[in-house]
**Q** 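Mind looking over this structure? Questions follow.
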2 protein chains.
Amino acid sequence: MAVTIKDVAKKAGVSPSTVSRVLSNHPRISAETSRKVKDIMDQLGYHPNIMAKSLVSKTTNSICIMLPKSAEELFSNFFFMELIRGIVTQASRLGYDVLISSGANEKEEIEGVSRLINGRRVDGVILLYSRKDDPVIDFLHENGHHFVLIGRSEQYPDILSVDNDNVQASYDATKHLISLGHERIGFVSGPPDLVVSKDRLKGYLDALHDSGLEMRPEWIVEGEFLQDSGYRAMSFFMNLPNRPTGIVLIDDVVSFGVLRGLHELKYKVPEDLCLVSFNNIPLSELSTPPLSSIDIGIYNLGYTASQVLIQSIQNNNDKSYQKRQIIPHRLMVRESSMYSISKK
Amino acid sequence: MAVTIKDVAKKAGVSPSTVSRVLSNHPRISAETSRKVKDIMDQLGYHPNIMAKSLVSKTTNSICIMLPKSAEELFSNFFFMELIRGIVTQASRLGYDVLISSGANEKEEIEGVSRLINGRRVDGVILLYSRKDDPVIDFLHENGHHFVLIGRSEQYPDILSVDNDNVQASYDATKHLISLGHERIGFVSGPPDLVVSKDRLKGYLDALHDSGLEMRPEWIVEGEFLQDSGYRAMSFFMNLPNRPTGIVLIDDVVSFGVLRGLHELKYKVPEDLCLVSFNNIPLSELSTPPLSSIDIGIYNLGYTASQVLIQSIQNNNDKSYQKRQIIPHRLMVRESSMYSISKK
DNA sequence: ATCAACTGTGCAAACGTTTTAACATTTGGA
DNA sequence: TCCAAATGTTAAAACGTTTGCACAGTTGAT
């Protein structure tokens with residue numbers, strides 16, 4: 001059917017081994033033979049069978065991405081697509097293919113990843129999230145598979161990971177409000193089982209503490225990465241007797257919910273409430289008013305994750321490289337936080 | 001190293017063939033043998049080697065998605081992620097893995113897809129876009145590969161494709177404005193080399209024609225799927241002597257650009273200009289005012305594309321199924337178009 | 001009792017590569 | 001001139017499956 005290495009060999013009058021060596025640029029092949037074989041390949045339209053190659057070489061030149069079920073959420077769409085773009089771009093540059101796997105729950109996720117990695121279909125895995133106590137991480141770690149985590153693991157501090165300095169980023173966002181004179185600052189967090197929620201909360205608390213500002217439990221609200229959470233947080237905050245004048249939010253989409261609510265209730269942003277959030281998705285400069293946001297370099301996170309994973313696959317033993325990569329963040333100040341509080 | 005079918009066979013005291021047959025639920029295997037072999041598999045932690053299986057069965061149980069370089073554009077992020085989710089979900093349900101491929105230009109795209117499909121790494125391809133005269137389609141069609149197009153091909157009308165009835169959808173959007181009394185209606189299109197731009201333009205023109213309304217060339221503007229295009233179209237329209245009172249736009253993100261411009265210039269939506277656009281991305285109900293938009297069922301497009309492709313792979317010969325699937329669309333009327341023009 | 005059909009299993013070839021070891025030829029230093 | 005090293009190529013085994021064919025044993029209708 002398809003043309004194989006044997007067909008090429010026969011037509012070129014050499015052995016299959018020679019053809020194989022031409023393919024891999026083996027140093028001991030003469031220039032003449034190489035030329036001739038390559039011509040025949042073109043002529044016959046030869047394409048190496050990747051499966052056969054993988055079978056014998058025990059390496060697949062592909063990696064897989066675990067897409068969490070939470071990718072269904074609104075927030076995730078931009079974030080994950082951007083991550084995937086970064087991953088695919090760098091992987092492809094390094095000659096790797098990318099598979100996407102997903103599962104409806106943790107059990108399915110493990111089954112999927114196990115099938116792919118134990119079935120020798122992929123050489124490594126990228127995890128796009130970091131839950132606390134994640135059994136998928138347990139599985140990969142215990143069995144010594146190659147993987148990299150986008151985010152941070154509390155269970156295994158020394159695994160390969162690519163992350164932002166979320167504590168610092170949140171510290172920066174909070175300090176930004178403090179520098180504008182805000183003294184009552186709220187925080188809208190994400191699901192408590194995500195490490196990122198914890199880290200950003202810590203940065204917020206640190207900043208308050210360092211500035212000698214009051215921290216009140218009722219100024220901290222938990223939610224999802226959904227605009228509804230923002231809406232609800234807004235209602236809650238605005239009804240407090242001594243309400244915050246500024247808030248830090250875990251994600252831009254949550255901010256959109258807050259904006260919508262404030263608009264409905266005829267509040268003004270930033271005069272009545274200042275907002276700073278995370279992720280700097282493209283629409284955050286399109287909202288009314290435009291949102292101040294911490295750019296976390298999503299594409300760069302994905303790009304670097306590919307890089308790190310493939311490096312680890314290729315230098316199986318070499319432990320010299322950095323285990324944990326930190327992608328720099330950057331506060332984009334826009335109208336939603338441009339309001340100074342004058343002290344009375 | 002890893003545990004193979006032979007290890008299982010030896011331990012179970014049967015032949016490798018029997019183990020293989022247990023794996024594929026061959027009818028002639030006795031219940032007792034099957035039980036025993038399966039126990040041993042669990043005990044040994046056996047996982048079939050997918051590569052070896054593919055090599056002999058000449059089928060990979062995977063498909064690939066060609067991610068166009070335009071995925072870098074803003075609009076695309078939500079759209080493509082949603083498509084991918086649909087594709088991956090259905091593929092995984094049918095036991096297929098999904099690979100993502102991309103290329104910086106058409107040449108790279110063809111090389112990538114050729115390597116994967118000729119290298120027998122994937123059984124079929126899903127194309128996420130439909131350009132006019134696309135060489136990737138030429139390549140796939142000429143070589144008789146399995147593929148499905150999300151969109152429509154002008155070159156090959158009878159290839160497998162999943163699409164909306166974009167002409168009708170655009171007709172509906174335009175009719176909606178007409179039914180509110182609008183008589184001067186503009187259209188903001190996308191890049192002219194995309195089939196979808198052409199189809200939506202046609203629906204708009206048909207609707208005007210059927211209602212006996214005037215069509216003016218200056219009311220039709222071409223752009224990209226970017227908010228900047230919307231901004232520019234807005235400036236252009238609002239400076240016309242006899243400007244439109246309503247416009248149909250190729251994409252929600254373009255509408256965001258229009259909204260921003262109108263807001264800056266203190267125009268009111270929908271009073272000064274009514275908007276209806278396409279795709280109904282989640283943020284379109286969050287904008288001020290919320291956008292009227294045609295929901296095209298993005299997830300469903302992806303889901304169906306998987307379904308159709310895999311069906312075609314599995315029934316290689318059977319030509320009985322529908323070549324072209326149309327996903328229903330639905331107009332979501334929101335505030336941006338809720339303004340009737342009274343006849344004078 | 002006979003034989004056809006069925007049931008359950010094993011043997012061995014095949015899938016398309018890579019790679020080890022071996023071989024033949026050439027080169028060049030002493 | 002001789003031998004060691006370098007160069008270029010090949011034969012054959014291996015990777016882990018699937019599957020057509022063969023075979024033995026059982027069943028059941030005549």
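Every value quoted in this text rests on a predicted model; they were computed, and no experiment measured them. Below, read A as the first sequence line, B as the second, and so on, with proteins coming before strands; counting in each chain starts at 1.
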**Q** Contact class for B:S54 (heavy atom, under 4.0 Å): base, sugar-phosphate, or nothing?
**A** nothing
**Q** Which atom pair, heavy atoms only, marks the closest approach of A:E108 to A:A104?
**A** OE1-N, 3.0 Å
**Q** Using the closest heavy atom to pick a nucleotide of DNA chain C for each, name whichever of B:R21 or B:V56 lands nearer the 5' end.
**A**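 Closer to the 5' end of DNA chain C: B:R21.
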**Q** Looking only at side-chain atoms of A:I5, point me to the closest of C:dT18, C:dG16, C:dC11.
**A**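 Nearest to the side-chain atoms of A:I5, counting from C-beta on, is C:dT18.
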**Q** Could you tell me how far apart A:L23 (CG) and C:dT17 (C1') are, to the nearest whole angstrom?
**A** 10 Å
**Q** What is the separation between atom NZ on B:K6 and atom P on D:dT18, rounded to the nearest whole Å?
**A**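 Taking atom P of D:dT18 as the reference, NZ of B:K6 is at 13 Å.
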**Q** Give the rounded distance in Å between these two atoms: NE2 of A:H26 and P of D:dA6.
**A**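 Going from NE2 in A:H26 over to P in D:dA6 covers 15 Å.
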**Q** Could you tell me whether A:D39 and A:R35 have a side-chain N and a carboxylate O separated by less than 4.0 Å?
**A** yes
**Q** Using a cut-off of 4.0 Å on non-hydrogen atoms, how would the nucleic acid contact of A:H47 be classed: base, sugar-phosphate, or nothing?
**A** sugar-phosphate
**Q** Please confirm whether the shortest side-chain N or O distance from B:K58 to OP1 or OP2 of C:dA14 is below 4.0 Å.
**A**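 It does not, given that no N or O in the side chain of B:K58 lies less than 4.0 Å from OP1 or OP2 of C:dA14.
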**Q** Under 4.0 Å between a side-chain N/O of B:S20 and OP1 or OP2 of D:dT19, yes or no?
**A**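 For D:dT19, OP1/OP2 do not have a side-chain N/O of B:S20 under 4.0 Å.
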**Q** Go through C:dG16, C:dT9, D:dT7 for me and flag the one nearest to the B:T33 side chain.
**A** C:dT9
**Q** Please report the shortest heavy-atom distance between B:I117 and B:G124, naming the atom on each side.
**A**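 Between these two residues, the closest heavy atoms are CD1-CA, 4.4 Å.
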**Q** Should the pair B:K36-B:E32 be classified as a salt bridge under the 4.0 Å nitrogen-to-oxygen rule?
**A**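 Looking at B:E32 together with B:K36, the answer is no, because their closest N to O distance does not fall below 4.0 Å.
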**Q** From C:dC15, C:dT17, D:dT10, pick the nucleotide closest to the side chain of A:S15?
**A** D:dT10
**Q** Start at the 5' end of DNA chain C and walk down; is the nucleotide closest to B:I29 or to B:L55 reached first?
**A**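 Comparing both residues, the 5'-ward one is B:I29.
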**Q** Restricting to salt bridge (charged side-chain N to carboxylate O under 4.0 Å, His left out), what partner residues turn up for B:R324, sequence neighbours left out?
**A** B:D163
**Q** B:N49 has a side chain; which of D:dT10, D:dT17, C:dG8 sits nearest to it?
**A**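 So the side chain of B:N49 is nearest to D:dT17.
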**Q** Looking at the side chain of B:R28, which of C:dT9, C:dC15, D:dA11 is the nearest nucleotide?
**A** C:dT9
**Q** Between B:L116 and B:S101, what is the shortest heavy-atom contact and its length?
**A**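 The pair with the smallest heavy-atom distance is CD1-CB, 3.9 Å.
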**Q** Is the closest side-chain donor-acceptor distance between B:N118 and A:Y46 under 3.5 Å?
**A**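 No - no donor-acceptor pair under 3.5 Å links their side chains.
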**Q** Please work out whether the ring planes of B:F139 and B:H145 are parallel, tilted or perpendicular, with thresholds of 30° and 60°.
**A**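 The arrangement is tilted - the two ring planes meet at 30° to 60°.
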**Q** Could you give the CE-to-C1' distance, from A:M51 to C:dC15, as a whole number of Å?
**A** 12 Å
**Q** I'd like to know if B:S17 reaches the base of C:dC11 with its side chain, counting only an N/O donor and acceptor under 3.5 Å.
**A**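 Looking at the base of C:dC11, it does pair with a donor or acceptor on the side chain of B:S17 (distance under 3.5 Å).
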**Q** Which nucleotide in the list D:dG16, D:dG8, D:dT18 gets nearest to the side chain of B:K53?
**A**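 It is D:dT18.
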**Q** According to a strict under-4.0 Å criterion, is A:T18 in side-chain N/O contact with OP1 or OP2 of D:dT10?
**A** yes
**Q** With axes from five pairs an end, tell me the bend angle of the helix from C:dA1-D:dT30 to C:dA30-D:dT1, nearest 10°.
**A** 40°
**Q** Is any side-chain N or O of A:T4 closer than 4.0 Å to OP1 or OP2 of C:dG16?
**A**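 A:T4 to C:dG16 OP1/OP2: no side-chain N or O under 4.0 Å.
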**Q** Starting at CZ of B:R35 and ending at C1' of C:dT9, how long is that distance when rounded to a whole Å?
**A** 19 Å
**Q** What is the distance, to the nearest angstrom, from the CG atom on B:N61 to the C1' atom on D:dT18?
**A** 14 Å
**Q** For B:K10 and C:dT9, give me the distance from atom NZ to atom P, rounded to whole Å.
**A**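 About 20 Å, once rounded to whole Å.
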**Q** Identify whether the distance between the nearest side-chain nitrogen and carboxylate oxygen of B:D97 and A:R115 falls below 4.0 Å.
**A** yes
**Q** Give a yes/no answer on whether the side chain of A:S30 brings an N or O atom under 4.0 Å of OP1 or OP2 in D:dT9.
**A** yes
**Q** Counting only side-chain nitrogens and oxygens, does A:S57 get under 4.0 Å of the OP1 or OP2 atom of C:dT18?
**A** no
**Q** If I take atom CD1 in residue B:I50 and atom C1' in nucleotide D:dG16, what distance separates them, rounded to the nearest angstrom?
**A** 12 Å
